[in-house]
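One structure is given here, and the rest of the page talks about it.
In what follows, residues are counted from 1 in the order of the sequence shown. All of these numbers come straight from a predicted model, not from anything done at the bench.
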Amino acid sequence: MKYREKAIRLLNKVWQPIRDNASFFVFMYLIGIFVSYAELPAGNPEEKVYGNLWLELFLDLYAIAVILMLIPRKIRRWVRACLYVIAYTTNITDLFCWVKFQSTLNPSMLLLVGETNGREAGEFFSSYFTADLLASSVGVLGLILLVHILTAFCGKTMLPAIFRRRAAAWRQRLSSLQPALGFIFLVLLVWSVVRSAHNKREIAQIFSLDTIGSVEHELTHRKCAEFYLPVYRLVFSIFSNELASKQIDRLIVAKDKVTVDSCSFRSPDIVLIIGESYGKHHSEQYGYFMPTTPRQIRREKTGLLVPFSDVVSPWNLTSFVFKNVFSLHVAGEKGEWCDYPLFPELFRRAGYHVTFLTNQFLPKAKEAVYDFSGGFFLNHPELSRAMFDARNKQLYRYDCGLLDDYDKNQQQYNSDHNLIIFHLIGQHVNYQQRYPADRHHFRGEDYAEKRPDLDLSRRNVLADYDNAVLYNDSIVDQIVRRFEDREAIVIYMPDHGEECYEGSRGFICRNHSDTIDYDLAHYEFEIPFWIFCSHKYAAKHPDIFQQIIRARHRRFMTDALPHLLLYLAGIHTKDYHAEYNVLSPDYDEKRPRLLKNTTDYDQLAKHGK
């Protein structure tokens, strides 16, 4: 009997937090479930809500209810009121963003809000807060809020006597069922703790990190943290912006220390084309079995386009590549990328007109943490002004949009001495969306002989990727065409490689494992890289042209690209180091090429081949 009483008391205590905060628990649970399902993409059956939503939400609300129970009753109601304001505000905001932008709260959206002035805010409200919101899920959430207010403040006085009597009877019944309810909730509590443990650990891991890059890398893992509630997404966005802000501060310090001793403007027009998700093993120019690069091959045959045979990317994530390629820091040096100047700053300080045409890194509301991590320093107002004289103002569905943009704004994008950077969307997944329908050249059945190991569905994906590579071939050729009659040098490099069912590996995109083996390095870090000299440039700079030809088989990693660019421009500065310039006789070809700052690529290649 004694143990039975103790068990009953324990079960009553398990039930008590919910009993004492019943309205809070019911309505917070309701809006959590409602918003999660309301934000499912329409017409996409593959998208599902977070698998542990029901249990983890129960655990979170139960934990809050326990804390509330420990607070004195007089203070508890005010604490609960604050929680209501936070919950409804973040949920309505998150749902509004979904309805208007098809995006939940994210770091980029928070960054845009912080950079919005009063006039822009007024225009935003007048444009987006329209009557149709009432008929959307935002209106439904508002209705839930209204019902909650009515039940909280008007229930006891406005309900007819019969309903008040029935409510009292129900409370009496529940009181007698407390042990049974306590047992049910104890089972649910244990179950929710078990099912939620992994996500809670991952969330704690995210908030223990100290750079936005490490946060992004953590989120690339297959079982990464799931910020399944709007308030979690808001806290994560604030945290991400704080981390980015710290690196921005260091970049500004580095910017203010930039000095240029002199500049000879050795190359009047320097064009850098940065591709996307393009491994050299899908380039016909590097031996691929499909004709994916006919135009680049034709230019190579003229002798003016020189492909390099042994080039790797420092990372297989776009954002990490951009940080390493734009910074004069190279892998193995002390400090971090954000402690060094960004190469466009030196070009502008030297007197070059710098243009940045990107089809990825423009600030926008619907942006994943990966784009935020890659673009936050490029889009920061002070740093952007220090780096660029001109930028495009919109993104395009296909990369040909950047060509049209350049053609329409040539006066804005060109001066006497130019550095022009084209950043393409390239072969970024989803591959089928990276080329126009009328440029569909390869088909799944074309691969039956060469890739009999793949079923038709995968061959179709492979065909889509190669079509994107072929379309990319036309885009880079068109960029070269716009400069071939000028005294120009053009450099092409994708950010990193890509896997598309290579060998027997059986997956697409990239593997973000911390362990890098030879196959991963082979497919995801080895990239095509070439330098094109116009006829006029080659004739006027035969020494540089010959240096390029002699360097084409040197080992190179693209984190050292800024030092090559500074040399081509004739910029003399303490930040330039000849040992990192692949054209220099002082180039250190034995420098370890550290993939992800950890793994020596050349040691992998030595043992992997």
Candidate list Gln427, Arg510, His281, test side-chain contact (heavy atoms from CB on, under 4.5 Å), partner Glu498, passing option: Arg510
Whether Tyr278 and Tyr492 hold their rings parallel, tilted or perpendicular, with breakpoints at 30° and 60°: tilted
Check this for me: does any side-chain nitrogen of one of Glu336 and Arg250 sit under 4.0 Å from a carboxylate oxygen of the other? yes
Are any non-hydrogen side-chain atoms of Lys246 and Thr211 less than 4.5 angstrom apart? no
For Phe376 and Trp337, take the angle between the two ring planes, folded into 0 to 90°, and tell me which bin it lands in: parallel under 30, tilted 30 to 60, perpendicular over 60. perpendicular
Please tell me whether Phe58 and Phe185 form a close aromatic pair, meaning their ring centres lie under 6.0 Å apart. yes
Shortest non-hydrogen contact between Thr318 and Gln360, atoms and distance: CG2-OE1, 4.4 Å
Checking the side chain of Asp399 only, and the main-chain atoms of Gly426 only, is there a donor and an acceptor separated by less than 3.5 Å? yes
Give the ring-plane orientation class for Tyr29 versus Phe25, where under 30° counts as parallel, over 60° as perpendicular and anything between as tilted. parallel
Anything under 30° is parallel, anything over 60° is perpendicular, the rest tilted; go ahead and classify Tyr465 against Tyr431. perpendicular
Residue from Asp466, Asp453, Leu456, Asn460 passing side-chain contact (heavy atoms from CB on, under 4.5 Å) with Tyr447: Asp466
Kindly give the heavy-atom pair with the smallest separation between Ala331 and Asn597, and that separation in Å. CB-OD1, 3.5 Å
Salt-bridge present (Asp60, Lys200; N to O < 4.0 Å): yes
For Phe356 and His423, take the angle between the two ring planes, folded into 0 to 90°, and tell me which bin it lands in: parallel under 30, tilted 30 to 60, perpendicular over 60. parallel
With a 4.5 Å heavy-atom cut-off, do Phe24 and Leu61 have their side chains touching? yes
Please report the closest heavy-atom contact between Ser36 and Val49, naming both atoms and the distance. O-CG1, 3.5 Å
Check whether the side chains of Asn511 and Tyr523 place a donor and an acceptor atom closer than 3.5 Å, and report yes or no. no
Examine Tyr435 together with Tyr471 and report whether their ring centres are nearer than 6.0 Å. no
Kindly state whether the ring of Phe529 and the ring of Phe556 have centres lying under 6.0 angstrom apart. yes
Please step through salt bridge (Lys or Arg N to Asp or Glu O under 4.0 Å) for the pair Glu39 and Arg233, ending with a clear verdict. CA-CA 14 Å; Glu39 291 177 347; Arg233 293 193 280 271; 3.2 Å; yes
